[in-house]
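What follows is a short report on a single structure.
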Amino acid sequence: MRNMKLFEHEAKEIFRKFAIPTPPSGVARTPDEARERAAEIGRPVVVKAQVLTGKRGKAGGVRFADTPERAASVAEQILAMRINDLPVETVLVEEKLNIRQEIYVGITVDRNERKYVVIGSAAGGMSIEELAEESPEKIIKRYVDPDLGLQPFEAREIAIAMGFRGKQIHGLASFFVKLWRIVTQYDVELTEINPLILTEDGRFLAADARLNIDDNALYRHKDLVEALRRAPVEQNERERLAAEHDMAYVELDGDIACICNGAGLTMATLDAVALHGGRASTFLDLGGGADAKRVEKGIEIAMMYPKVKAILVNIMGGITRCDEVAKGIVSAREDGDVKVPLVIRMVGTNEEEGQRILQEAGIPFLKTMEEAAAKVVELVKEAA
Amino acid sequence: MRNMKLFEHEAKEIFRKFAIPTPPSGVARTPDEARERAAEIGRPVVVKAQVLTGKRGKAGGVRFADTPERAASVAEQILAMRINDLPVETVLVEEKLNIRQEIYVGITVDRNERKYVVIGSAAGGMSIEELAEESPEKIIKRYVDPDLGLQPFEAREIAIAMGFRGKQIHGLASFFVKLWRIVTQYDVELTEINPLILTEDGRFLAADARLNIDDNALYRHKDLVEALRRAPVEQNERERLAAEHDMAYVELDGDIACICNGAGLTMATLDAVALHGGRASTFLDLGGGADAKRVEKGIEIAMMYPKVKAILVNIMGGITRCDEVAKGIVSAREDGDVKVPLVIRMVGTNEEEGQRILQEAGIPFLKTMEEAAAKVVELVKEAA
Amino acid sequence: MAVLVDKDTRVIIQGITGSQGTFHSAAMLEYGTRVVAGVTPGKGGAEVNGVPVYDSVRQAKEEHDATASVIFVPAPFAGDAALEAIAAGLDPVVIITEHVPVQDEMRVIHTARRRGVTIIGPNTPGIITPGARQKLGIMPGHVFMDGVVGLMSRSGTLTYEIAAGMTNAGIGISTAIGLGGDPCVGLTPVEAIRLFQQDSDTRALVLVGEIGGDAEERAATYIKEHINMPVVAFIAGRTAPPGKRMGHAGAIISGSSGTAAAKIQAFNDADVPVADRPSDVARLLKDML
Amino acid sequence: MAVLVDKDTRVIIQGITGSQGTFHSAAMLEYGTRVVAGVTPGKGGAEVNGVPVYDSVRQAKEEHDATASVIFVPAPFAGDAALEAIAAGLDPVVIITEHVPVQDEMRVIHTARRRGVTIIGPNTPGIITPGARQKLGIMPGHVFMDGVVGLMSRSGTLTYEIAAGMTNAGIGISTAIGLGGDPCVGLTPVEAIRLFQQDSDTRALVLVGEIGGDAEERAATYIKEHINMPVVAFIAGRTAPPGKRMGHAGAIISGSSGTAAAKIQAFNDADVPVADRPSDVARLLKDML
């Protein structure tokens, strides 16, 4: 599911609006700011890299500091890091908690049930995927009735099933109830608190925060997008361009760019390249009904990725017309965009006219996916 | 259903928050303020009494004014009025609209269906009750699915059924959709726009606004109650005191105060008084489990109403204990609160002990409702 | 066999640790009710009047094979408590609590209806089957005598008044149901009549209504078409002025329907005698039985 | 008789006055589809490609005895349009629109399920029954030949690719269903298989899946237990890296389930051959028919 991921500090700001308890914290973009934040908190802190990727802890992006000075120095180290190839531009400086227990809670869409599912575990602090694999019995899952939404009694039942008793039932249940309000209000696709901390003195606090919002629903949340003052998703220039033109674009480790119409066909084309011993560099889905300009733009974007050594265009003409595709390819080549071998396969609507245009331009084309995949792999191997 | 009624200007403030179009307007508490408001609007205005009662138009509480001066003078007249025995403390000065059509729209709870019902009529401007009686075919009613809530397509269907076409379908439907959001967000028991104006230039505007909120849900809307900076309901001193003590209290035109436990029993007691030729002044339901203090307080409140010439206490003891009731009565009499004849009928829990207390205090009591009702009517007639 | 509640009913009390729950659970136990468990979230493991307390309805139900619930939790939480009871499969669910927000009432009633669960109330004295010594509610048990009359009512103390009158006249009750005084309640008079219709122990009906809504009118229509046994009605609020609220949230008169006159007319049309005074109910019944 | 769509299906097009609706209603009419009416609120009385336009689905349905709907309205309004079609009693409801918010999808799917209505999509090319010359969607009709194979797929153009391959091999189709590429879609593979199972015209099945979710695994289990006719599967995304989104919102791999390997294994366990290449589908079918 495509979604807008919020940074921990952004998610926590929303959490606080819904009265979810979080430790005192502040954002810093420089070591000096980190020192100030730590001084304001006035107690030992944890300095956390703000990156939209998991495993930041293992990568060294989460460090403790007993003094403001120490906070500044660890912030300096973290701000210099790249985690999973993403730069760390901000850190969150947050009070270090006295931890009695680390808990996991989350709500996400279950695509198979077509319902939201609430997930909780008294054994938090690790990824829910690992936990699910290693100790599935420690994970409590409850589907949410789409008519009623999550009711407080269900939140309590989950807390009880997680093993909590007494007042802690209410304390923990309120997290689910509040997260549910956030989920419904903001079209949330996934929200997690991991770890949710039970402190030595018996309070529950959200020590981390993940909040991913359904991209398709962002039009309903313009205020939020504006408030964040940033693009919805971290992207490189090529990804940004593709998104701007509403093309699905993913970069991979191989060297053959596959430009197709339709996600399933594009995936199948990648698979066909692999079956013939090649490796794809690019998944580029032009979508339905692409015209010549769109095809040309797609080729242009694909060529921007340095790893690309050949291009395979595979079009199944339906709404998309082969003559338009041919025109776009010819135009891209004439502009000098295409500096690598180009293999074309296209069938369907206006196939003959498209073939004629390619033939006149001296561009060969093939009739089947398999031939095209074999050919493009062969060309890359020849070039090597 | 008990509910907190909002003044027109208060309701319109909420309407505007939900982007419901209203004419430019301002509140005035003095003629000078009304002049200023009219000058700000800069066009002919209508000056409307802000009272929580219907029929203010027929009572002369809605007047037009072409100039700020004229607005000041009609405001002066209106602010001096009492409408249905309620003082007019504020007026709303609002731009006078060029009316093409007056429309009625509303949403309320249908107690029989246990669902919200959306009501619309292209023949607005009069009370929906009269309209329902005179031209029921002109009223469109749609129940709201409790699971889904009112959907935009249903709002459009209502607008179509009301006789609107083209862009007006969307224009009118948006009122229903927005009112529905207000209904769900604020526990609304009744909201109405009557008239909703279609102007000569084709705009829809809410020219009036009624919004009643479920009293029982006010705890969920503390912000709203605070923002209004007033008591939830207009009350006289006796009503305020009764509400404070959580007693149901209604003043009537007769002279016999009926103090009972339970609403049904109180109503039946009023009926019994009427059957014997008397007329009740007071409906006072002590509720369940009243103790001596509560009984005493009830008698005290009843005695504050000048019309009261006799008191009938009718208690069916269940959770309520007759000994406690007797103690309260004795105490009230000893404090000198009771300056009129007092008739007591009580049966049920601790009946004997209660009777003993009354006997010792020299207060007679009766065993049946009928006897008691006959007795109290007789005493009032004697006194006259 | 009475309706909804009989000797096999096994009751849990939600909100048992509160003052109302504690007081009335004792009264119910004393009367003979099979109160098998209580529920107060966060107080699991406690005991009230010798009844074990659980954190959730589901736990209480599973441990004690409970079948029905009586709810005493405060109004802001009563809707949630009722949904919990419905989800756990308890039936009937009796909501004693008053002042429940109407949106909560509608949600509970609608959900119960979808799952085939009977809601009694909110704002009800409850339900009692004297022959089984089972009461699920707050009514004084001693005013109800075992017998063959099905009693349903929108009022509390007025019901006791009428039941006491019947008892004094030697007329007993199969089951008495307080339908609840709020505008939106679960079980309606028509539904209650249908239940009594199928009960072999019930051979006459008493319907105690009041002004507001059209539940009595609907009941009259149903009686006219489907009921052969004797029925007596009483309507409170004949002298209530239109538009004034008389304590019960249910007692507003809206438009011309819902007046005492309209309701009495409807019963007259159905050949159902309407008692002028509470004490007339027993007298009319005597004539018909 | 094919499934869901046959010669008696009478179709309305929601959003017919938009560019997509106008273009594809013409294409559907040309193919032979019985498009009886269009709906665009506010544009009632207009005509598109000779098809009358109404303000509401209800009006269109009542005037033309329509049975099914195809939705082309923009994503923010598609959920509302689908609920309108469901409320009007149309079945199936085909949602072509992509980028519908997932909360809207869940609401539509759940409501349809409760009312017994089949939702196809969202983000689907639609459904086609070549033998009846009826297509409800955007697929090129000429690549689908009438025959005995039921085809269901989560993809668009990949389906055309496979259908064209079958047509070239002389293998026809009873009905082809685009199940939709979104993570939350209405009709699931298992439900589609059940429909085909009851169709006397369908004597073999093709299931085109892709990575993500476990719909294919569930289908494999169902096939193993309940299906005797030949089935061929194809899974796109064998070489997609874990966690990368590949265009279809549905194609994220979550955890270890949902991988191509897991799906292929499931089909192997059910004795369903999985084609390595799209063109292998027709070849495998030939062997089995």
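As a basis for the values below, the full set of heavy atoms in this structure was taken, side chains included, without hydrogen atoms, waters or symmetry mates. Every chain is numbered from 1 and lettered A, B, ... according to where its sequence line falls, protein lines coming before strand lines.
Taking both residues in full, the closest heavy atoms of D:L158 and A:L265 are given as CB-N, 3.7 Å, listed atom of the first, atom of the second, then distance. Nearest heavy-atom pair, A:Y219 versus D:P76, reported as atom, atom and distance to 0.1 Å: OH-CA, 3.2 Å. Between A:G262 and D:T157, the shortest heavy-atom distance links the atoms CA-OG1, 3.5 Å. Nearest heavy-atom pair, A:G264 versus D:A236, reported as atom, atom and distance to 0.1 Å: O-CB, 3.7 Å. Across D:P101 and A:N216, no two heavy atoms sit closer than the pair CG-O, 3.5 Å.
When heavy atoms are compared at a cutoff of 4.5 Å, D:A164 approaches chain A solely by way of its side chain, counted from C-beta outward. With a 4.5 angstrom heavy-atom cutoff, D:R238 touches chain A via backbone and side-chain atoms both. In this structure, chain A has a heavy atom under 4.5 Å from the side chain of D:V143, while its backbone stays farther away. With a 4.5 angstrom heavy-atom cutoff, A:V188 touches chain D only via backbone atoms. Neither the backbone nor the side chain of D:I162 comes within less than 4.5 Å of any heavy atom of chain A. At a 4.5 Å heavy-atom cutoff, the contact between D:I109 and chain A is made by side-chain atoms alone. The contact between A:A268 and chain D is made by backbone and side chain atoms together, counting heavy-atom distances below 4.5 Å.
The shortest side-chain heavy-atom distance between D:V102 and A:R111 does not fall under the 4.5 Å cut-off. Annotation: side chain of D:C184 is not in contact with side chain of A:K115 (no heavy-atom distance under 4.5 Å).
Using modelled atom types, one side-chain atom of D:Q103 and one backbone atom of A:V183 make a donor-acceptor pair closer than 3.5 Å. Checked by atom type and distance alone, the side chain of A:N112 pairs as donor or acceptor with a backbone atom of D:D214 at under 3.5 Å. Although no hydrogens or angles enter the test, the distance criterion places no donor-acceptor pair under 3.5 Å between the side chain of D:R277 and the main chain of A:E370. Of the possible donor and acceptor atoms, none in the side chain of D:R107 sits under 3.5 Å from a partner among the backbone N and O of A:P146.
Between the CE atom in A:M369 and the OG atom in D:S279 there is a gap of 8.0 Å [rounded to 0.5 Å]. Taking CZ of A:R114 as the start and OG1 of D:T188 as the end, the distance is 6.0 Å to the nearest 0.5 Å. One finds the OH atom of D:Y160 at 9.0 Å from the CG atom of A:N261 (value rounded to the nearest 0.5 Å). We find the CZ-CD1 distance between D:F23 and A:I319 to be 7.0 Å, quoted to the nearest 0.5 Å.
A salt bridge is defined here as a Lys NZ or Arg NE, NH1 or NH2 lying under 4.0 Å from an Asp or Glu carboxylate O, and A:R220 with D:D104 meets this definition. Between D:R218 and A:E113 there is a salt bridge, since at least one side-chain N of the basic residue sits less than 4.0 Å from a carboxylate O of the acidic one. For D:R114 and A:D147, the salt-bridge test passes: some basic side-chain N is under 4.0 Å from an acidic carboxylate O. Look at A:R345 and D:E161 and you find a salt bridge, because one of the NZ, NE, NH1 or NH2 atoms lies within 4.0 Å of a carboxylate O, short of that distance.
Here D:V185 is the residue among D:V185, D:V208, D:T111 with the most heavy-atom pairs under 4.5 Å with chain A. Put simply, of D:A215, D:G186, D:G141, D:G209, the one with the most heavy-atom pairs under 4.5 Å next to chain A is D:G186. Among D:E105, D:E98, D:R113, the residue with the largest count of heavy-atom pairs under 4.5 Å with chain A is D:R113.
Applying the 6.0 Å contact sphere to NZ of A:K138 captures no more than 12 heavy atoms from other residues, nucleotides or ligands.
With sequence neighbours left out, A:D323 forms a side-chain hydrogen bond (donor to acceptor under 3.5 Å, both in side chains) with A:R321, A:N350. Remark: A:R210 pairs with no residue by the side-chain hydrogen bond (donor to acceptor under 3.5 Å, both in side chains) rule, at least two apart or across chains.
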